[in-house]
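Okay, so here's the structure we're looking at.
Keep in mind that the numbers below use all heavy atoms, side chains included, and drop hydrogens, waters and symmetry copies. So you know, we letter chains A, B, ... as the sequences are listed, proteins then strands, and number each from 1.
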Amino acid sequence: MMANGMDTVVQQNGGSNLGQSSQEESKTNLIVNYLPQTMTQEEIRSLFSSIGEVESCKLIRDKVTGQSLGYGFVNYHRPEDAEKAINTLNGLRLQNKTIKVSYARPSSEAIKGANLYVSGLPKNMTQQDLESLFNPYGRIITSRILCDNITGLSKGVGFIRFDQRVEAERAIQELNGTIPKGSTEPITVKFANNPSNNSKAIPPLAAYLTPQATRRFGGPIHHPTGRFRYIPLSPLSRYSPLAGDLLTNSMLPGNAMNGSGWCIFVYNLAPETEENVLWQLFGPFGAVQSVKVIRDLQTNKCKGFGFVTMTNYEEAVVAIQSLNGYTLGNRVLQVSFKTNKSKAA
DNA sequence: CGACGGGACGC
DNA sequence: CGACGGGACGC
């Protein structure tokens, strides 16, 4: 059952997923929001499979462009795995996103179009204040106040997503044009635009057509820093730099690199280490395809090391340089590209 | 000091 | 003044 509800990270997502209302219908089915744009369905499956056996996994994509819509569904066989996924993966940082993992509601027409746009909010109103204001009208799924990117101050604009559209309608009727306690200006409450009709922020068509834009599908150009020099090296790939300190000639394709990614060796992990630790460590640096904690077959304890496969060389290099020497608990990690030690080649 | 998996295409 | 997130219900 729901553990506590209070021990889950209380962050951006205000609305409690583990609310009082019973989740009888969906104890195994999860919705995952705020996924990185480049994350594939298989990478999502890999991430959630580290918790338990996944029955099905679906990344929602735009019907015409094929672009990820940034959310998906993961259904487990066992309810306890779904609960553990919420407890350990909700709030995980992956690339430039913080994912949200919560129970999926049964799909229905009644829950669609329940998102409200609120403007005219007093600048000192917090997310909690906003929720308190809308709470009387229904079950809040998410809330958010927009802040200026530079100053971090509230823009006086926010969103409230209710569970049911009728709840949103009632909130409009009751709150639109009213003046919040302690404020002097009336607020505007109306249905939010549909993100799919995005009339804004359309990337210039040229961006799709330039020959240089050969990066993988919609990749969010997320250049590391530029303090690294990348020198093309023949047989490996065009991304391969010289970086003699990281990639030596003894590292042949098939070791650090296999056709679809770069394998990283992580040493000095604690015996109790689980896969989600590796996701937490490497996820922020870029696309992670898979992680593996190596365990002793008898004790089932981690043997002190594991592997992480990342898609892009540049991101792998930054991850290695950032995490090598990083202190995790009371252990100093050693992180490098995988070599082919062990049982003689 | 210690240290680099594992399952597995395809006849 | 207006302002539309971090693509939230199976695209």
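- Across all strands, A/I31 comes closer than 4.0 Å to base atoms (heavy-atom distances).
- Salt bridge status for A/K84 with A/E80: absent, with no side-chain N to carboxylate O gap under 4.0 Å.
- The distance between atom CZ of A/F265 and atom P of B/dC4, rounded to the nearest whole Å, is 6 Å.
- With distances taken from any side-chain atom of A/I60 to the nucleotides C/dA3, C/dA8, C/dG10, the minimum falls on C/dG10.
- Between A/S107 and C/dG10 there is a side-chain polar atom (N or O) within less than 4.0 angstrom of OP1 or OP2.
- Separating the P atom of C/dG6 from that of C/dG10 is a span of 22 Å, rounded to the nearest Å.
- Using a 90° window around 0 for the glycosidic torsion, B/dC9 falls inside it and is classed as syn.
- Of the candidates C/dG7, C/dC9, C/dA3, C/dG7 carries the atom nearest the A/Q67 side chain, counting heavy atoms from C-beta on.
- When all heavy atoms of A/I111 and A/P106 are compared, the pair lying nearest together is CD1-O, 3.8 Å.
- Listed nucleotides C/dG6, C/dC4, C/dA8 differ in distance to A/F159; the shortest reach to its side chain belongs to C/dC4.
- For A/K112, taking side-chain heavy atoms from C-beta onward, the closest of the listed nucleotides C/dG10, C/dA3, B/dG5 is C/dG10.
- The glycosidic torsion of B/dG2 lies within 90° of 0, which places this base in the syn conformation.
- In terms of polar N and O atoms assigned as donor or acceptor, the side chain of A/N75 never comes within less than 3.5 Å of the base of C/dG10 in a complementary pairing.
- The backbone N or O of A/T65 sits less than 3.5 Å from a side-chain atom of A/D62, completing a donor-acceptor pair.
- For A/E109 and A/K112, the salt-bridge test passes: some basic side-chain N is under 4.0 Å from an acidic carboxylate O.
- Spacing between atom CZ of A/R61 and atom C1' of C/dG10 amounts to 14 Å, rounded to whole angstrom units.
- Rounding to whole angstrom units, CD of residue A/Q289 and P of B/dG6 are separated by 20 Å.
- We find that the ring of A/Y34 and the base of C/dG6 stack, their centres lying under 5.5 angstrom apart and their planes tilted less than 30°.
- Rounded to whole Å, atom C1' of B/dC4 lies 17 Å from atom CZ of A/R295.
- Distance, A/Q334 CD to B/dC1 C1': 12 Å, rounded to whole Å.
- Spacing between atom OH of A/Y103 and atom C1' of C/dC9 amounts to 17 Å, rounded to whole angstrom units.
- The residue A/K303 sits apart from the nucleic acid: no heavy atom pair falls under 4.0 Å.
- Nucleotides of DNA chain C nearest to A/G70 and A/S108 differ in position, and the one nearer the 5' end is that of A/G70.
- Atom-to-atom, CZ of A/F307 to P of B/dA3 comes out at 13 Å; the value is rounded to the nearest Å.
- The residue A/D163 sits apart from the nucleic acid: no heavy atom pair falls under 4.0 Å.
- Checking C/dA8, C/dC9, B/dG5 against the side-chain heavy atoms of A/I111 singles out C/dC9 as nearest.
- The existence of a salt bridge linking A/K123 and A/E185 is excluded, since no basic side-chain nitrogen approaches an acidic carboxylate oxygen closer than 4.0 Å.
- Residue A/F73 and nucleotide C/dG10 are classified as a stacked aromatic pair, their ring centres being separated by less than 5.5 Å at an interplanar angle below 30°.
- The side chain of A/R161 places an N or O atom within less than 4.0 Å of a non-bridging phosphate oxygen (OP1 or OP2) of C/dC9.
- Of the listed nucleotides (B/dG5, B/dC4, C/dC9), B/dC4 has the atom at the smallest distance from the side chain of A/S336.
- A/I172 and A/I140 fall within the same hydrophobic cluster, where Ile, Leu, Val, Met, Phe, Trp and Tyr residues are linked whenever their side-chain heavy atoms come under 4.5 Å apart, directly or through other members.
- Within the 4.0 Å cut-off from OP1 or OP2 of C/dG7, at least one side-chain nitrogen or oxygen of A/K97 is found.
- In this structure, of B/dA3, C/dG6, C/dC11, it is C/dC11 that holds the atom nearest to the side chain of A/K58.
- The side chain of A/T98 has C/dG6 as its nearest neighbour among C/dG6, C/dG7, C/dA8.
- You cannot call A/F305 stacked on the base of B/dA3; the centres under 5.5 Å and planes under 30° rule is not satisfied.
- Between A/R105 and C/dA8 there is no side-chain polar atom (N or O) within less than 4.0 angstrom of OP1 or OP2.
- At a threshold of 4.0 angstrom between heavy atoms, the contacts of A/G120 include nucleobase atoms, whether or not backbone atoms are also involved.
- Here B/dC1 presents its P atom at 11 Å from CG of A/N268, a figure rounded to the nearest Å.
- Between A/F337 and A/Y313, the ring planes lie parallel to each other; the angle is under 30°, not in the 30° to 60° tilted range.
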